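The structure displayed is predicted, hence computed values, not measured ones.
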Amino acid sequence: MSGEIVQLVEQASPYLTAAVSAYGGAVLARAEDTAVEATANLGRRILQTVWRRRTEPQQAALEAAVQDAAEAPDDPDAAAALRQQIKRALREDADLLKELAALLPAPAAGTVTITASGNRSIAAHTIGTAITGDGHRTDQ
């Protein structure tokens, strides 16, 4: 998978999450709402752009992923399934990749985005040693 696609989906993830949280499963049909924050509106625009460029069966799959993410906002698997739908669409449509990249704000120079998801997950830009887990002992 292209690193460009992975980077774009990672950059879009907070917007997608905000849109699904704000609009729920209706995110694909909703118009921009001035009462909803800009982050959620951008996520809605991203999802609607992807949806419009898909075939009917692909639209149904995207709708199902959006609905699952809306019904279980804390489920990392549901969020991952939605991201996978976006990645699939981007792999299949190079013009879509350009269109979504134009929607997203350009990352600031030198900016690094790090995401940690799930219980007890960690994230670091650089790391020497990371020890996680219950009951870990360093004196063994």
Side-chain angles (χ1 to χ4, degrees):
M1 181 182 327
S2 165
E4 188 178 14
I5 290 173
V6 172
Q7 182 179 2
L8 188 139
V9 172
E10 286 177 1
Q11 186 181 359
S13 285
Y15 301 101
L16 300 173
T17 301
V20 170
S21 294
Y23 292 109
V27 69
L28 296 171
R30 292 291 301 263
E32 187 165 340
D33 184 347
T34 56
V36 176
E37 66 177 290
T39 301
N41 277 320
L42 179 53
R44 178 199 48 79
R45 288 177 54 206
I46 291 167
L47 287 167
Q48 287 179 342
T49 299
V50 172
W51 187 83
R52 281 192 305 270
R53 306 275 296 254
R54 309 303 282 157
T55 65
E56 283 188 34
Q58 293 167 332
Q59 287 175 342
L62 179 59
E63 286 179 47
V66 166
Q67 190 64 41
D68 288 346
E71 290 173 1
D74 295 328
D75 183 351
D77 293 334
L82 178 56
R83 287 192 307 272
Q84 188 61 35
Q85 287 290 322
I86 304 296
K87 288 178 188 177
R88 183 174 295 117
L90 293 170
R91 282 193 306 266
E92 296 172 358
D93 187 343
D95 291 335
L96 178 61
L97 178 62
K98 292 175 192 168
E99 191 173 345
L100 292 187
L103 286 176
L104 289 167
T111 298
V112 175
T113 301
I114 300 168
T115 303
S117 179
N119 292 336
R120 301 172 195 219
S121 60
I122 63 169
H125 181 229
T126 58
I127 193 162
T129 303
I131 301 170
T132 64
D134 290 334
H136 178 76
R137 292 182 37 200
T138 59
D139 62 339
Q140 295 175 349

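- The salt bridge (charged side-chain N to carboxylate O under 4.0 Å, His left out) analysis of residues 50-60, with sequence neighbours excluded, yields the pairs Arg53-Asp93, Arg53-Glu99, Arg54-Glu92.
- Gln58 has its side chain out of reach of Trp51: every pair of non-hydrogen atoms, C-beta onward, lies at least 4.5 Å apart.
- Among residues two or more places apart in sequence or in another chain, the side-chain contact (heavy atoms from CB on, under 4.5 Å) test is passed with Ala65 by Leu82, Gln85.
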For this session: Would you check, one step at a time, whether the test side chain to side chain donor-acceptor pair (under 3.5 Å) holds for Gln7 with Gln11?
Result: CA-CA 6 Å; Gln7 182 179 2; Gln11 186 181 359; 5.4 Å; no
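- Of all heavy-atom pairs between Ala72 and Ala78, the closest is O-CB, 4.2 Å.
- Atom-to-atom distance recorded for Leu90:CG and Asp95:CG is 11.5 Å, nearest 0.5 angstrom.
- The distance from the CD atom of Gln48 to the CG atom of Leu62 is 10.5 Å, given to the nearest 0.5 Å.
- There is no side-chain donor-acceptor pair under 3.5 Å between Glu63 and Gln59.
- Taking CG of Leu96 as the start and CZ of Arg91 as the end, the distance is 12.0 Å to the nearest 0.5 Å.
- Two residues are said to be in side-chain contact when any heavy atoms from C-beta on lie closer than 4.5 Å; Leu42 and Leu104 meet this criterion.
- In this structure, the side chains of Ile86 and Leu47 come closer than 4.5 Å at one or more pairs of heavy atoms.
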